[in-house]
Amino acid sequence: MKKNWWKNTVVYELYLQSFYDSNNDGIGDIEGAIEKLDYLKNLGVGAIWLTPIYDSPLIDNGYDVADYQNINPIYGDIEKFKEFIQKAKNIDIKIIMDMVVNHTSDQHHWFKESRKSRNNPYRNYYIWRDKPDNTSSIFGGSAWTFDDSTNQYYFHQFAKEQPDLNWENPIVRKEIAVMIKWWCELGVMGFRFDVIDLIGKEVDNKIFANGPKLHQYIKELRKNSWASDIFLTVGECWGATIEDAIMYSSPNAEEFSMVFQFEHITQLQDQISKYKPKAVDFVKLKKIYKKWQQGLHGRGWNSLFLGNHDLPRMVSKYGNDSKYRKQSSKTLFTTLFLMQGTPYIFQGDEIGMTNLNWKNISDYKDVEIKNTYTDLVSKQNKLTHDEFILGILQNGRDHARTPFQWNQQINGGFSKSIPWIPINNNYSTINADEDLKDPNGIYNFLQKLIKFRNNSEYSEIIEKGIYVPFLVEDPNLFIYARANKHTVIKIIANWSEETIDITALKVSGLKILLNTETSFENNKLRPWQTVVLREDRF
Ligand code: GLC
Ligand code: CA
């Protein structure tokens, strides 16, 4: 197996329970994913990041694991999963597991034991104290929950059903490493590590992210489990700075292949909460990309994404999800995927799925939405009800989690039964059937874009070239060049609803390598149009 194959691969985030339901119980499953493998292969996907499929009470949609070595029966079983790995492998697609090891479910047998008595052998797998402090949970409320069977409080950074593991305990670290190794031996080719920057926490010192032993723990984990660059490993690190990302992903770090950093998300959000509505600051976004593209060049590796299962739909957040839905989706993908790093597609973005328009809190399923509402609106009066609803419409996590819209049939062809979460009611116009039929659709374009990126004479420049931004203060255009000694390619993207004359950029006569539309005339970019050009000079 080639090392570092993930530098030249597009990863698809597959949110299994909403992808395809093969047995019509309303929940997507592994067999469903198997049946759709060709759809992903045709798109050009090289790896699938599968969101958690472990046994779980699903308080946080599987990010609350009750058994790391068993598959939730609603999705299938280990045999089915092996079949999935094999069938994906046959068409050269690798499977990446989601590893949730900062915390478990309160239904994990370690926790069930741990809470039984203060001297239970598993007591020290979790974090127990006599008195809580004022630390809040990321999902709202206190981070400490009282357990009356032993009269102590346990610590949880997420829901109270997600107790944090105690990584200071070497036995916990060993258990996790052994378990990860077991998955490697089963044939998975990598891991996405959930909120991994929290494992080095020192709760008594109020240190949560980026604790002093964080990197030591990761190095140790790598050594004792996957231990090689033939695995794609990506850490979810909400607080990562450039310096942190280098520590994790520099060529000799012996930690991860890359991290998901979130500056392009968090720095555009309101300080109080992501549920306080705020418009996207486009110029700031470009500056953040400049910083990361240049900052990690040669020193680490970027992951490139605008959407995932915790974020709103890409086209609704950054593009125009009504009049220019397809145009803007294509432009967002092109702008992002020709940067340096490994690109990720979140399921449904390749056909331009959009945010929901649900207006009531009770319509939503997400534990974060519900708990944060109680905190910020009901208890603390930090946001009004109306503000919060607008905030959900912008940034809620359920937008990304509704069933995949395959076709016009009932429930968008996702299932013949009522889906576990309602489908977006625009499925009769926005669906894969419709988009694939359209030669100017998103999927067909993305296919070309991925070929251009991974399998063309420009692949090397996209993988290794330097990043040179232009007109960073411009309110409408996103422009950058990628260059090596011999070649320069320039990406000129119109992120606006205006037609823009780019004569001043002296592009006449340059070879057009990619175009999100069918033509490019008179030096004018149409609304949300992008062209990629070949230059031999800056
Ligand atoms: C990560 C996951 C998110 C989950 C949280 C707690 O941020 O992506 O979905 O709720 O961790 O596990
Ligand atoms: Ca099913």
Side-chain angles (χ1 to χ4, degrees), residues 13-36 49-54 56-66 68 71-77 80 96-106 108 137-140 143 156-165 191-199 201 208-209 234-240 259-262 265-266 274 303 305 307-312 344 346 365-372 395-401 403-404 411 413-421:
E13 182 187 352
L14 196 155
Y15 196 72
L16 190 73
Q17 58 266 56
S18 299
F19 193 54
Y20 184 58
D21 176 17
S22 72
N23 62 349
N24 293 307
D25 62 356
I27 306 165
D29 43 54
I30 300 174
E31 174 58 31
I34 293 177
E35 288 174 27
K36 297 293 183 186
W49 150 24
L50 195 61
T51 53
I53 55 169
Y54 315 96
S56 160
L58 304 178
I59 295 292
D60 186 21
N61 289 4
Y63 287 91
D64 46 327
V65 179
Y68 289 107
I71 291 188
N72 193 326
I74 59 176
Y75 302 136
D77 57 21
K80 201 27 96 188
I96 311 300
M97 292 290 272
D98 210 319
M99 250 321 138
V100 191
V101 292
N102 172 67
H103 46 269
T104 68
S105 158
D106 62 354
H108 196 291
S137 143
I138 296 169
F139 284 174
H156 55 89
Q157 296 188 81
F158 295 91
K160 65 178 190 324
E161 297 85 354
Q162 295 169 292
D164 274 49
L165 282 166
F191 304 94
R192 174 263 185 192
F193 286 97
D194 192 66
V195 291
I196 201 69
D197 58 347
L198 304 181
I199 63 170
K201 69 199 138 250
F208 306 107
V234 51
E236 186 201 25
C237 301
W238 280 83
V259 293
F260 290 130
Q261 61 83 17
F262 289 86
I265 313 280
T266 52
K274 74 176 192 186
S303 55
F305 68 98
N308 73 23
H309 68 284
D310 294 327
L311 301 173
Y344 290 76
F346 179 68
K365 296 261 179 213
D366 182 17
V367 59
E368 180 192 86
I369 292 180
K370 293 185 192 298
N371 292 0
T372 316
N395 289 330
R397 306 198 302 176
D398 279 342
H399 299 297
R401 300 177 175 190
F404 192 98
N411 301 322
F414 161 73
S415 174
K416 295 202 174 74
S417 306
I418 299 171
W420 70 275
I421 185 172

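We count ligands from 1, going down the list as the structure has it; atoms in each ligand are counted the same way.
Contacts between F139 and ligand 1 below 4.0 angstrom, taking non-hydrogen atoms only, involve the side chain exclusively.
Only one option out of N102, D98, D194, D310 pairs with Y63 in a side-chain hydrogen bond (donor to acceptor under 3.5 Å, both in side chains); it is D98.
To the nearest 0.5 angstrom, N72 atom CG is 6.5 Å from S56 atom OG.
Counting the atoms of ligand 1 from 1 in the order shown, those under 4.0 Å from a heavy atom of R192 are 2 (C), 8 (O). The contact set between ligand 1 and R401, taken as ligand atoms under 4.0 Å from a residue heavy atom, comprises 9 (O). Atoms of ligand 1 lying under 4.0 Å from any heavy atom of V195, numbered from 1 in the order shown and given with element: 1 (C), 7 (O), 11 (O). Distances below 4.0 Å separate heavy atoms of R397 from the following atoms of ligand 1: 3 (C), 4 (C), 9 (O), 10 (O).
The aromatic rings of W420 and Y15 are tilted relative to each other, their planes meeting at an angle between 30° and 60°. Taking the six-membered ring where the residue is Trp, Y68 and Y54 present perpendicular rings, their angle passing 60° and hence far from 30°.
Residues satisfying the side chain to side chain donor-acceptor pair (under 3.5 Å) test with K274, not counting sequence neighbours, are E368.
In this structure, a donor-acceptor pair under 3.5 Å is present between the side chains of Q162 and D60.
Of all protein N/O/S atoms, those lying under 3.0 Å from the Ca ion (ligand 2) come to 5.
Taking 4.0 Å as the cut-off, H103 counts as a neighbour of ligand 1 on heavy-atom distance.
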